[in-house]
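Below is one structure; the comments refer to it alone.
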Amino acid sequence: MGNSKSGALSKEILEELQLNTKFTEEELCAWYQSFQKDCPSGRITRQQFQSIYAKFFPEADPKAYAQHVFRSFDANSDGTLDFKEYVIALHMTSSGKTNQKLEWAFSLYDVDGNGAISKNEVLEIVMAIFKMISPEDVKSLPEDENTPEKRAEKIWGFFGKKDDDKLTEEEFIQGTMANKEILRLIQFEPQKVKEKIKEKKP
């Protein structure tokens, strides 16, 4: 019992996930069953993660964003996520505490993993986010943030950084906590993700 081949989720992992996420035991067990069905090896690959993510956004192209999300949760960089990493990814992107979310957002934006964010990295993630926004929604964005370049410029401007400066995790979290505008600009509308996750609930 207790190994990834058995049908049931081990008690330790279940307890740990209940402690660290808002999901109920029923939700976790149901997700585990479908995870086992989709990923009999007990691990999910980048491709599988992308296709699951794509189901949440049928009318968008979330491939680039999903790759970055996957990278940020692949804690041991082995190119796969186990069930625990996968559930924490779902939790953090939908209902994590602000501070946890910002730590995660920092790792999402720190594309090369060197512990600091550059303006180019901000642009890279914002471009991935824009691929997920429908053309209709883009039309309704304010003039100064209706392209990835403008939005990245606006984010960088809020942090008061020069073009070739770097942003540390502490600066990123403090700056974002202090300014709700940054928080709105750095994330893909989480409300839509939440609604989609609710719809997908077993």
Side-chain angles (χ1 to χ4, degrees), residues 1-96 100-113 121 124-134 148 186-202:
M1 289 300 290
N3 66 22
S4 66
K5 289 284 170 279
S6 75
L9 188 52
S10 83
K11 209 166 146 47
E12 298 82 64
I13 291 183
L14 185 60
E15 282 169 4
E16 189 183 339
L17 287 172
Q18 280 182 278
L19 208 63
N20 291 309
T21 73
K22 291 184 174 162
F23 302 130
T24 65
E25 184 173 341
E26 290 73 29
E27 287 172 332
L28 290 166
C29 289
W31 274 340
Y32 187 68
Q33 295 302 330
S34 66
F35 185 84
Q36 288 290 92
K37 206 165 64 218
D38 296 340
C39 316
S41 67
R43 308 199 66 86
I44 187 169
T45 65
R46 186 187 298 258
Q47 277 68 32
Q48 287 170 313
F49 184 79
Q50 282 174 1
S51 67
I52 289 171
Y53 215 83
K55 288 177 193 159
F56 287 128
F57 304 101
E59 58 289 324
D61 174 14
K63 204 156 66 195
Y65 190 69
Q67 276 182 356
H68 288 298
V69 171
F70 184 91
R71 168 188 51 77
S72 69
F73 286 111
D74 183 7
N76 56 3
S77 306
D78 67 353
T80 64
L81 298 184
D82 61 20
F83 181 70
K84 198 164 82 176
E85 288 170 321
Y86 171 67
V87 168
I88 286 176
L90 277 180
H91 167 71
M92 293 292 274
T93 51
S94 63
S95 57
Q100 286 180 314
K101 267 187 170 169
L102 291 179
E103 283 171 17
W104 166 67
F106 181 83
S107 67
L108 180 72
Y109 276 84
D110 181 12
V111 176
D112 63 8
E121 288 175 316
E124 188 173 334
I125 301 297
V126 172
M127 285 167 86
I129 288 173
F130 262 72
K131 287 185 176 155
M132 292 163 57
I133 304 176
S134 74
I186 62 167
Q187 56 191 356
F188 176 64
E189 298 169 30
Q191 204 43 48
K192 289 185 178 165
V193 182
K194 276 184 198 164
E195 285 159 16
K196 296 259 165 55
I197 285 178
K198 277 204 182 86
E199 287 163 20
K200 289 269 184 283
K201 275 185 182 168

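Numbers for residues simply follow the sequence, beginning at 1.
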Check: For Thr45, what residues pass the side chain to side chain donor-acceptor pair (under 3.5 Å) criterion, not counting sequence neighbours?
Finding: Gln48

Margin query: Would you compute the distance between atom CE of Met127 and atom OH of Tyr65 and round it to the nearest 0.5 angstrom?
Written below: 15.5 Å

Check: Under the 3.5 angstrom rule, does the side chain of Arg71 hit a backbone N or O of Gly113 as a donor-acceptor pair?
Finding: no

Next item on the list: Taking the side chain as every heavy atom from C-beta outward, state whether Leu17 and Ile88 have any pair of such atoms under 4.5 Å apart.
Entry: yes

Check: Applying salt bridge (charged side-chain N to carboxylate O under 4.0 Å, His left out), which residue pairs with at least one partner in residues 41-50 are found, sequence neighbours left out?
Finding: Arg43-Asp78, Arg43-Glu85

Checklist line | Partner residues of Glu124 under the side-chain contact (heavy atoms from CB on, under 4.5 Å) criterion, sequence neighbours left out | finding: His68, Val111

Next item on the list: Return the set of residues passing salt bridge (charged side-chain N to carboxylate O under 4.0 Å, His left out) with Glu16 (not counting sequence neighbours), or none when no residue passes.
Entry: Lys84

Next item on the list: Mark yes or no for whether Gln33, through its side chain, and Ala30, through its backbone, hold a donor-acceptor pair below 3.5 Å.
Entry: no

Next item on the list: Please find out if less than 6.0 Å separates the ring center of Tyr86 from that of Trp31.
Entry: no

Item checked: Pairing residues for Tyr109 by the ring pair (Phe, Tyr, Trp, His ring centres under 6.0 Å) criterion, not counting sequence neighbours -> none

Item checked: Criterion side-chain contact (heavy atoms from CB on, under 4.5 Å) on Cys29 and Glu25, from CA distance to verdict -> CA-CA 6 Å; Cys29 289; Glu25 184 173 341; 4.2 Å; yes

Next item on the list: Write down the atom of Pro62, the atom of Ala60, and the distance for their closest heavy-atom approach.
Entry: CD-O, 3.3 Å

Check: Is there a side-chain contact (heavy atoms from CB on, under 4.5 Å) between His91 and Phe23 once you walk through the steps?
Finding: CA-CA 8 Å; His91 167 71; Phe23 302 130; 3.6 Å; yes

Check: Given side chains that start at C-beta, do those of Ile44 and Asp82 come closer than 4.5 Å, heavy atoms only?
Finding: no

Check: Mind checking what makes side chain to side chain donor-acceptor pair (under 3.5 Å) contact with Glu15, not counting sequence neighbours?
Finding: Lys11

Check: Is Thr80 close to Asp74 at the side-chain level, that is, under 4.5 Å between some pair of heavy atoms?
Finding: no

Checklist line | With Lys131 via side chain to side chain donor-acceptor pair (under 3.5 Å) - residues at least two apart | finding: none

Margin query: If the condition is ring pair (Phe, Tyr, Trp, His ring centres under 6.0 Å), which residues does Phe70 pass it with, not counting sequence neighbours?
Written below: Phe49

Next item on the list: Please report the shortest heavy-atom distance between Val87 and Leu28, naming the atom on each side.
Entry: CG1-CD2, 3.7 Å

Note to self: Applying side-chain contact (heavy atoms from CB on, under 4.5 Å), can you list everything that pairs with Asp112, at least two apart in sequence or on another chain?
What the structure shows: Asp110, Asn114, Glu121

Next item on the list: To the nearest 0.5 angstrom, please state how far the OG1 atom of Thr24 sits from the NZ atom of Lys22.
Entry: 13.5 Å

Margin query: Return the CG to CD1 distance between Leu102 and Ile186, rounded to the nearest 0.5 Å.
Written below: 5.5 Å

Note to self: Quick check for you: to the nearest 0.5 Å, what is the distance between Phe83 atom CZ and Leu9 atom CG?
What the structure shows: 5.5 Å

Next item on the list: Under the side chain to side chain donor-acceptor pair (under 3.5 Å) rule, collect the residues that match up with Ser72, sequence neighbours excluded.
Entry: Trp104

